[in-house]
Amino acid sequence: MKNKILISLLLLPIVVLALCMLRLNYMSNFEKVEVAVQGYDPKDFFSGYYMNLRPDWEHTDCTQFADSVCPKHNFNDTYTFYIKREQSDKLTQKVNAGMAKLQFSYSAGFEPIVTDLLVDGQSFMEFIEEEK
């Protein structure tokens, strides 16, 4: 009896994790949308080299959403990215110049999932590789 309880307790986290991964995989296949962003500095000593980004709805193409209306209420107020110190200046310049967008996997009724940070139309990782 104790073995069955122990096995059940050990399997429960695995099952929950598998269900979470399946849900995330399902949601990541939604329509891709791009939202313009603005950077800001929270003046937080403990934040390290994190870039905080706010959706910039005034510069976002809302025609990519249903009824050509930006669903602002479905998105968070801020999104945070960790960046290395040597990359922070160039990336900050691009964000401040309005050349950055967050790419989301989005479907109405579901929480949007960030899939990439686009800089000058290319993936953040590609931008970093080119800057090396």
Side-chain angles (χ1 to χ4, degrees):
M1 181 67 172
K2 289 181 182 180
N3 287 340
K4 289 182 181 180
I5 293 173
L6 183 60
I7 291 172
S8 298
L9 290 175
L10 291 174
L11 286 178
L12 182 63
I14 295 170
V15 170
V16 170
L17 182 61
L19 291 173
C20 288
M21 293 302 294
L22 286 172
R23 180 177 180 268
L24 185 60
N25 185 37
Y26 171 72
M27 291 175 64
S28 67
N29 291 318
F30 289 157
E31 181 180 350
K32 302 290 188 241
V33 296
E34 296 177 6
V35 177
V37 292
Q38 300 173 342
Y40 79 97
D41 184 1
K43 303 291 184 204
D44 182 2
F45 177 74
F46 297 106
S47 66
Y49 296 103
Y50 286 89
M51 176 170 280
N52 293 299
L53 303 170
R54 285 187 192 151
D56 182 2
W57 296 109
E58 291 181 20
H59 295 100
T60 296
D61 176 16
C62 293
T63 61
Q64 60 188 328
F65 299 102
D67 300 326
S68 297
V69 176
C70 286
K72 300 173 189 177
H73 61 280
N74 290 343
F75 290 80
N76 293 337
D77 293 334
T78 60
Y79 295 90
T80 304
F81 279 85
Y82 173 77
I83 53 177
K84 294 181 181 178
R85 181 178 182 169
E86 59 269 9
Q87 301 162 344
S88 64
D89 290 337
K90 292 177 183 177
L91 186 58
T92 300
Q93 290 172 357
K94 294 289 186 178
V95 169
N96 290 339
M99 303 172 95
K101 295 180 179 180
L102 283 176
Q103 183 181 67
F104 293 89
S105 181
Y106 176 76
S107 182
F110 291 91
E111 183 178 347
I113 297 174
V114 176
T115 57
D116 204 354
L117 171 61
L118 305 176
V119 181
D120 282 339
Q122 64 183 355
S123 173
F124 165 69
M125 296 308 290
E126 292 171 6
F127 172 76
I128 295 303
E129 286 298 317
E130 286 182 6
E131 295 298 318
K132 285 185 178 180

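Note that these values count all heavy atoms, side chains included, but never hydrogens, waters or copies made by symmetry.
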Practice task
Among Ile, Leu, Val, Met, Phe, Trp and Tyr joined by side-chain contacts under 4.5 Å, find the other residues sharing a cluster with Leu6 and list them by chain and number.
Solution key: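 Leu10, which link up through side-chain heavy atoms under 4.5 Å apart, make up the rest of the cluster.
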Handout entry: Side-chain hydrophobic cluster, 4.5 Å single linkage: members besides Val16
Key =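 Joined to Val16, directly or through intermediates: Leu12.
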Problem - Results of ring pair (Phe, Tyr, Trp, His ring centres under 6.0 Å) for Phe75 - residues two or more places apart only - result: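 Phe75: ring pair (Phe, Tyr, Trp, His ring centres under 6.0 Å) contacts with Trp57, Phe104, Tyr106.
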Problem - Shortest non-hydrogen separation from Ala100 to Val95 and the atoms involved - result: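 Heavy atoms only, the tightest pair is CB-CG2, 3.7 Å.
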Exercise for the section: Using side-chain contact (heavy atoms from CB on, under 4.5 Å) as the criterion, point out the one residue from Asp116, Val33, Val114 that pairs with Gln103. Expected result: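 Exactly one candidate clears the test, Asp116.
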Problem - Leu53: which of Thr80, Asn76, Val35, Val37 passes side-chain contact (heavy atoms from CB on, under 4.5 Å) - result: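 The option that passes is Val37.
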Handout entry: Heavy-atom side-chain proximity of Phe127 to Leu117 below 4.5 angstrom
Key =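 They are not in contact (no side-chain heavy atoms under 4.5 Å apart), so the answer is no.
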Handout entry: Validation row: Leu102, Tyr79 side chains within 4.5 angstrom (heavy atoms)
Key =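 Touching, per the 4.5 Å side-chain cut-off.
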Exercise for the section: Spell out, yes or no, whether Met125 and Val119 are grouped together once hydrophobic residues are joined by side-chain heavy atoms under 4.5 Å, including indirect joins. Expected result: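 Same hydrophobic cluster.
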Practice task
State which residues pass side chain to side chain donor-acceptor pair (under 3.5 Å) with Thr78; sequence neighbours excluded, sorted by chain then number.
Solution key: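 In terms of side chain to side chain donor-acceptor pair (under 3.5 Å), with neighbours along the sequence ignored, Thr78 is linked to no residue.
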Problem - CG-NZ distance between Leu118 and Lys101, expressed to the nearest 0.5 angstrom - result: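 So the CG of Leu118 and the NZ of Lys101 are separated by 8.0 Å.
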Handout entry: Under 3.5 Å donor-acceptor, Ser105 side chain and Ile113 backbone
Key =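 Not a single qualifying donor-acceptor pair exists.
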Problem - Asn96: partners by side-chain contact (heavy atoms from CB on, under 4.5 Å), with sequence neighbours left out - result: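 Scan of Asn96 (side-chain contact (heavy atoms from CB on, under 4.5 Å), adjacent residues dropped) gives Thr92.
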Show me the side-chain donor-acceptor pairs of residues 58-71 shorter than 3.5 Å, one per line, residues at least two apart or across chains.
{"unit_1": "His59", "atom_1": "ND1", "unit_2": "Asp56", "atom_2": "OD1", "d": "3.3"}
{"unit_1": "His59", "atom_1": "ND1", "unit_2": "Asp56", "atom_2": "OD2", "d": "2.7"}
{"unit_1": "Thr60", "atom_1": "OG1", "unit_2": "Ala36", "atom_2": "N", "d": "3.0"}
{"unit_1": "Thr60", "atom_1": "OG1", "unit_2": "Asp56", "atom_2": "O", "d": "2.8"}
{"unit_1": "Asp61", "atom_1": "OD1", "unit_2": "Thr63", "atom_2": "N", "d": "3.1"}
{"unit_1": "Asp61", "atom_1": "OD1", "unit_2": "Thr63", "atom_2": "OG1", "d": "2.5"}
{"unit_1": "Asp61", "atom_1": "OD2", "unit_2": "Thr63", "atom_2": "OG1", "d": "3.1"}
{"unit_1": "Gln64", "atom_1": "OE1", "unit_2": "Glu34", "atom_2": "N", "d": "3.0"}
{"unit_1": "Gln64", "atom_1": "NE2", "unit_2": "Glu34", "atom_2": "O", "d": "2.5"}
{"unit_1": "Gln64", "atom_1": "NE2", "unit_2": "Asp61", "atom_2": "O", "d": "3.0"}

